[in-house]
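Here's the structure, in structure tokens; my notes come after.
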2 protein chains.
Amino acid sequence: MAEHESHQSNDSPLLETVSLFQGLAPAERQEVYQAAHHRAVEKGELFFVQGEEAHTLYVLTQGRVRLNQLSPEGEQVLLRVIVPGQLFGGVAVLSGTAYPAAAEAVVPSEALGWDGETMARLMERYPAIARNALRLLAERIQELQERYRELATERVERRVASAVLRLARQTGRKVEGGILIDFPLSREDLAAMTGTTLYTVSRILKRWEKEGLVEAGRQRLLIRSPHGLVALAEDLPPALEAPS
Amino acid sequence: MAEHESHQSNDSPLLETVSLFQGLAPAERQEVYQAAHHRAVEKGELFFVQGEEAHTLYVLTQGRVRLNQLSPEGEQVLLRVIVPGQLFGGVAVLSGTAYPAAAEAVVPSEALGWDGETMARLMERYPAIARNALRLLAERIQELQERYRELATERVERRVASAVLRLARQTGRKVEGGILIDFPLSREDLAAMTGTTLYTVSRILKRWEKEGLVEAGRQRLLIRSPHGLVALAEDLPPALEAPS
DNA sequence: CGCTATTTTGAGATGGCTCAAGCTATGTGG
DNA sequence: CCACATAGCTTGAGCCATCTCAAAATAGCG
């Protein structure tokens with residue numbers, strides 16, 4: 001029957017953990033799931049491009065997606081990295097405008113999509129979805145405001161430290177020796193997240209490596225000492241090795 | 001009876017223009033209005049402080065309010081300026097967290113306030129309010145993202161130009177000779193909006209004044225040539241005087 | 001095994017910050 | 001109504017964090 005070739009179920013076990021659908025009964029989630037269409041994109045491909053009229057709101061189910069915003073002059077900013085369970089494209093759909101950024105899969109990725117009208121209908125029927133959406137957007141605003149302040153008032157090294165920690169929290173995988181950022185992340189990506197250049201990021205990572213804070217490879221970042229980075233991000237006195 | 005000493009009505013003519021309540025019938029707006037309480041604060045006073053648990057969502061009816069975010073290190077960022085009709089404090093109430101910024105009246109100001117539960121109840125009853133709120137938040141996110149990119153990729157002068165233009169659009173008053181920013185705005189305020197220092201802003205304004213773009217006084221800014229500023233903000237070739 | 005993307009490193013330039021000092025409106029109390 | 005206090009603004013000089021540009025090293029990938 002109408003069955004997607006999904007990974008491990010024809011049910012909506014995945015949606016259980018999606019905060020947009022929190023508070024729905026299983027049967028309701030099932031209905032929401034039925035209304036979705038499934039989309040898979042290759043590494044490097046886009047779910048949507050910046051400027052395209054927004055039609056679909058996605059929830060990522062597999063992979064990692066970057067939201068890039070391009071300035072009129074062609075400079076890129078990496079607004080955020082989406083991990084499974086998170087919403088993307090929603091802002092544009094809800095405000096009825098064009099996508100303000102492009103969504104690029106950094107690894108092979110899959111998502112569920114609902115077009116604007118469908119989602120409006122679902123929200124109508126299940127106000128909990130609208131409430132959740134409000135809460136999610138409000139949280140996004142708070143985070144954005146904080147990052148805005150960070151960018152406005154803090155030096156590069158600290159911004160990079162914050163960005164790395166944020167990534168670690170979002171998409172870090174515990175491995176022996178530390179926390180590994182779980183997708184290919186280049187110096188240039190980090191630069192685009194923090195408003196600096198890839199050269200400066202490279203130098204900073206080298207320095208951190210010397211200090212034993214991280215282990216940085218080609219598109220790879222292992223955080224050996226989250227504490228050390230937190231200290232940097234918050235400008236604590238650089239943690240003495242052996243307090244007397 | 002229970003009548004506020006409001007400026008010119010016991011009705012809700014004001015709410016008509018508030019986008020949060022767009023789409024409500026007059027009677028419904030009336031009910032919304034009944035549920036509000038009225039609050040006036042003096043110049044320099046705060047509607048709420050940063051970190052305070054969020055209880056009330058406001059719509060400004062009179063005056064101008066600044067939303068300031070303070071960094072842990074004590075540096076200030078001016079996130080936005082609220083003009084009558086706009087919502088503030090809503091993000092914190094909707095996400096159920098503490099206010100992420102302080103709201104300071106830059107001139108004597110008045111607002112209508114609803115506490116979180118009341119607003120939740122109203123949204124329940126009138127889904128249009130929830131829809132409007134979603135749209136408003138989505139628009140805020142878009143604006144913030146854009147400003148984030150601006151801060152990340154553009155030089156100070158251009159950022160200041162953009163900030164001034166934004167203010168002019170929001171709260172500019174046409175007067176003879178140009179557009180006047182309609183509330184006291186210091187060099188330091190502009191610096192806090194654009195992530196720079198008051199010294200740099202001062203120099204930039206002086207330069208613009210020499211070029212005839214603006215007229216800058218003590219906490220006063222008159223834009224003589226919006227076009228010139230737009231050119232700066234967008235890095236067009238600096239508008240030739242007389243194209244041959 | 002060679003090609004290409006990524007990263008490192010150096011050297012030099014500079015935009016904007018910092019600090020210090022003086023200036024000037026504005027409002028206030030005598 | 002004046003003189004003074006104050007908050008806001010200007011200006012200079014020096015510095016430095018970060019950017020730029022150039023070039024070489026490295027690592028994957030096909």
Side-chain angles (χ1 to χ4, degrees), chain A residues 42-44 66 71 73-78 104 106-108 150-161 163-164 181 183-211 214-222 232 235, chain B residues 42-44 66 71 73-78 104 106-107 150-164 181 183-211 214-222 232 235:
Chain A
E42 293 307 303
K43 170 173 176 169
R66 294 168 19 158
S71 80
E73 286 83 34
E75 299 211 72
Q76 277 222 346
V77 163
L78 204 173
E104 176 191 346
V106 262
V107 296
E150 199 176 292
L151 199 50
T153 64
E154 271 150 36
R155 326 228 106 163
V156 171
E157 180 172 26
R158 203 177 310 178
R159 302 203 306 262
V160 176
V164 168
I181 303 295
F183 68 96
L185 178 77
S186 69
R187 309 288 178 271
E188 188 155 21
D189 294 337
L190 269 175
M193 297 185 74
T194 53
T196 179
T197 63
L198 80 128
Y199 310 104
T200 299
V201 170
S202 175
R203 287 182 235 267
I204 288 174
L205 289 185
K206 258 281 123 79
R207 182 149 23 102
W208 288 355
E209 202 153 26
K210 271 187 201 131
E211 294 166 6
V214 302
E215 226 172 275
R218 200 186 182 70
Q219 306 210 93
R220 184 177 168 285
L221 190 58
L222 174 71
L232 270 180
D235 197 24
Chain B
E42 292 306 303
K43 171 174 173 167
R66 290 166 25 155
S71 81
E73 286 82 35
E75 298 211 73
Q76 278 220 350
V77 163
L78 205 174
E104 177 190 347
V106 263
V107 297
E150 196 175 295
L151 200 49
T153 63
E154 271 152 34
R155 328 228 106 165
V156 170
E157 181 172 27
R158 192 157 343 160
R159 302 204 305 261
V160 176
S162 298
V164 168
I181 302 293
F183 68 98
L185 177 77
S186 70
R187 309 287 180 272
E188 188 155 20
D189 295 336
L190 269 175
M193 297 185 75
T194 53
T196 180
T197 63
L198 81 124
Y199 309 104
T200 299
V201 170
S202 175
R203 288 183 234 266
I204 288 172
L205 289 185
K206 256 285 122 80
R207 186 153 15 108
W208 289 355
E209 202 153 26
K210 270 186 203 133
E211 295 166 5
V214 303
E215 225 172 277
R218 202 186 180 70
Q219 306 209 96
R220 185 177 167 286
L221 189 59
L222 174 70
L232 270 179
D235 196 24

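So that the names make sense, note that chain A is the first sequence line, chain B the second, and so on, each numbered from 1.
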Could you walk me through whether B:Leu205 and B:Leu221 pass the side chain to side chain contact (heavy atoms under 4.5 Å, CB included) check?
CA-CA 9 Å; B:Leu205 289 185; B:Leu221 189 59; 4.3 Å; yes
What is the separation between atom CD on A:Glu75 and atom C1' on D:dT20, rounded to the nearest whole Å?
13 Å
Nucleotides bounding contact with chain B, strand DNA chain C, heavy-atom threshold 4.0 Å
C:dG15 to C:dT26
Is any side-chain heavy atom of A:Pro184 closer than 4.5 Å to a side-chain heavy atom of A:Val107?
yes
Derivation and outcome, side chain to side chain contact (heavy atoms under 4.5 Å, CB included), residues B:Glu73 and A:Glu154
CA-CA 10 Å; B:Glu73 286 82 35; A:Glu154 271 150 36; 3.5 Å; yes
End-to-end bend of the helix from C:dC1-D:dG30 to C:dG30-D:dC1 (five-pair axes, 10° rounding)?
40°
Nearest 0.5 Å, what's the CD-CD distance between A:Glu75 and B:Glu150?
12.5 Å
Specify the residue among A:Gly195 and A:Gly217 whose closest nucleotide of DNA chain D lies further upstream toward the 5′ end.
A:Gly195
Can you give each donor-acceptor pair under 3.5 Å made by side-chain atoms of residues 195-203 of chain A, sequence neighbours left out, with the distance rounded to 0.1 Å?
from     : atom 1 : to       : atom 2 : distance (Å)
A:Thr197 : OG1    : A:Thr200 : N      : 3.3
A:Thr197 : OG1    : A:Thr200 : OG1    : 3.1

Whole angstrom value for the distance that separates C1' of D:dC19 from CD of A:Glu157
17 Å
Would you indicate, yes or no, if D:dC19 has its OP1 or OP2 atom less than 4.0 angstrom from a side-chain nitrogen or oxygen of A:Thr196?
yes
More than 12 heavy atoms of other residues, nucleotides or ligands under 6.0 Å from CD of A:Glu157: is that the case?
yes
Quick check for you: to the nearest 0.5 Å, what is the distance between A:Arg159 atom CZ and A:Thr153 atom OG1?
9.0 Å
What's the spacing between A:Leu185 CG and A:Gln219 CD if we round to 0.5 Å?
8.0 Å
Calculate, to the nearest 0.5 Å, the distance between atoms OG1 and CD1 belonging to A:Thr194 and A:Ile204 respectively.
7.5 Å
Which nucleotide in the set D:dC19, D:dT26, D:dA7 lies at the smallest distance from any side-chain heavy atom of B:Arg155?
D:dC19
Who pairs with B:Arg187 by salt bridge (Lys or Arg N to Asp or Glu O under 4.0 Å), at least two apart in sequence or on another chain?
none
Among residues 198-210 of chain B, which ones have heavy-atom contacts with DNA chain C below 4.0 Å?
B:Tyr199, B:Thr200, B:Arg203
B:Glu209: side-chain hydrogen bond (donor to acceptor under 3.5 Å, both in side chains) partners, not counting sequence neighbours:
none
Counting the atoms with a prime plus P, OP1 and OP2 as sugar-phosphate, which does A:Arg218 contact under 4.0 Å by heavy atoms, base, sugar-phosphate, or nothing?
base
